[in-house]
Amino acid sequence: MARGSQPSASLLLFSLGLVLLCFTSGSTVRLAEAQKTWCMAKPSSDEKVLQANINYACSNVSCAVIQPGGPCYNPNNLLSHTSVAMNLYYAANGRHSWNCYFADSGIVVKSDPSYGSCTYY
Ligand SMILES: *[C@@H]1O[C@H](CO)[C@@H](O)[C@H](O)[C@H]1NC(C)=O
């Protein structure tokens with residue numbers, strides 16, 4: 001019956017549209033991820049500079065992840081904690097290069113610095 005076949009044809013087109021939509025949004029997400037950047041502390045930075053950075057960043061964003069029991073507490077050292085804090089600040093404020101300057105002690109990286117339980121957002 002010709003009448004009966006009409007709804008299933010539109011259903012087919014609708015499904016096709018959904019599939020195409022998924023493809024389109026999927027590749028957009030992948031593109032955005034390829035261009036994502038993170039902020040880290042330069043390992044050569046002075047301890048006083050690192051301390052100032054962590055104070056500054058953690059007065060702006062929550063640094064709970066580097067507190068004892070947090071997913072980024074280990075390794076428990078100033079450089080690692082400051083890197084995490086600087087990236088939190090960078091991520092929260094728009095990932096602009098100037099959000100990772102920190103008196104030239106920050107470096108923008110293109111590969112995800114996340115490790116173990118600690119996610120760099
Ligand atoms: C965090 O820093 C940004 C950029 O300097 C600023 O615009 C924002 O108001 C600050 N937010 C808080 C909660 O301090």
Side-chain angles (χ1 to χ4, degrees):
M1 240 195 201
R3 255 191 198 186
S5 70
Q6 232 168 344
S8 43
S10 7
L11 194 68
L12 189 72
L13 276 177
F14 179 71
S15 314
L16 195 68
L18 275 185
V19 168
L20 280 175
L21 197 70
C22 288
F23 263 107
T24 315
S25 49
S27 53
T28 308
V29 167
R30 245 173 280 129
L31 260 180
E33 271 170 3
Q35 290 159 351
K36 188 172 177 181
T37 54
W38 294 265
C39 177
M40 297 187 82
K42 286 183 185 171
S44 58
S45 306
D46 192 273
E47 268 199 16
K48 280 179 187 160
V49 173
L50 292 176
Q51 194 61 61
N53 293 353
I54 200 170
N55 291 348
Y56 181 77
C58 295
S59 69
N60 188 271
V61 294
S62 165
C63 287
V65 291
I66 55 172
Q67 299 304 313
C72 303
Y73 178 68
N74 285 310
N76 179 17
N77 65 65
L78 183 61
L79 179 63
S80 178
H81 285 181
T82 304
S83 262
V84 171
M86 285 165 66
N87 183 66
L88 285 171
Y89 178 87
Y90 178 69
N93 291 298
R95 295 183 200 277
H96 303 295
S97 55
W98 57 88
N99 296 141
C100 188
Y101 184 63
F102 291 95
D104 204 26
S105 63
I107 184 167
V108 172
V109 297
K110 288 178 177 164
S111 63
D112 189 347
S114 301
Y115 60 88
S117 62
C118 179
T119 302
Y120 271 66
Y121 291 101

**Q** Give the minimum heavy-atom separation between V84 and C118, together with the two atoms involved.
**A** CG2-SG, 4.0 Å

**Q** Heavy atoms only: give me the nearest N77-S80 pair and the separation to one decimal.
**A** OD1-N, 2.8 Å

**Q** Would you say that K42 contacts D104 through its side chain, given a criterion of any heavy-atom pair below 4.5 Å between the two side chains?
**A** yes

**Q** Could you walk me through whether S114 and Y121 pass the side-chain contact (heavy atoms from CB on, under 4.5 Å) check?
**A** CA-CA 8 Å; S114 301; Y121 291 101; over 6 Å; no

**Q** Do H81 and I54 come close enough that some side-chain heavy atom pair is under 4.5 Å?
**A** yes

**Q** Taking the side chain as every heavy atom from C-beta outward, state whether K36 and R95 have any pair of such atoms under 4.5 Å apart.
**A**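 Yes - at least one pair of side-chain heavy atoms lies under 4.5 Å apart.
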
**Q** Relative to the ring of Y89, is the ring of Y56 parallel (under 30°), tilted (30 to 60°) or perpendicular (over 60°)?
**A**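 Tilted, since the angle between the ring planes falls between 30° and 60°.
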
**Q** Any chance OH of Y115 has more than 12 other-residue heavy atoms, nucleotides or ligands included, within less than 6.0 Å?
**A** yes

**Q** Looking at every non-hydrogen atom in both residues, tell me the closest pair between A57 and A85 and how far apart they are.
**A**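 That closest heavy-atom pairing would be CB-O, 3.5 Å.
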
**Q** Flag the pair N99 / C39 as yes when at least one side-chain heavy-atom distance between them is below 4.5 Å, and no otherwise.
**A** no

**Q** Nearest 0.5 angstrom please: M40 CE to F102 CZ, how far?
**A**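 So the CE of M40 and the CZ of F102 are separated by 13.0 Å.
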
**Q** Under 3.5 Å, side chain of N53 to main-chain N/O of S105, donor-acceptor pair present?
**A**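 Looks like no, no N/O pair under 3.5 Å.
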
**Q** Measure the shortest side-chain to side-chain distance between Y73 and I66 over non-hydrogen atoms and say whether it is less than 4.5 angstrom.
**A**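 They are not in side-chain contact.
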
**Q** Are side-chain N/O atoms of Y90 and T37 paired as donor and acceptor at under 3.5 Å?
**A** yes

**Q** Do the non-hydrogen side-chain atoms of V108 and W38 ever get within less than 4.5 Å of each other?
**A** no

**Q** Taking P71's backbone N and O only, do any of them form a donor-acceptor pair with S117's side chain (distance below 3.5 Å, no angle check)?
**A**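 Such a contact is found between S117 side chain and P71 backbone.
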
**Q** Residues in side chain to side chain donor-acceptor pair (under 3.5 Å) with N93, at least two apart?
**A**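 Here the qualifying residues are N60.
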
**Q** Do Y101 and L50 land in one hydrophobic cluster if side-chain heavy atoms of ILVMFWY residues count as linked below 4.5 Å?
**A** no

**Q** Stepwise, does the side-chain contact (heavy atoms from CB on, under 4.5 Å) test hold for V49 with T82?
**A** CA-CA 10 Å; V49 173; T82 304; over 6 Å; no

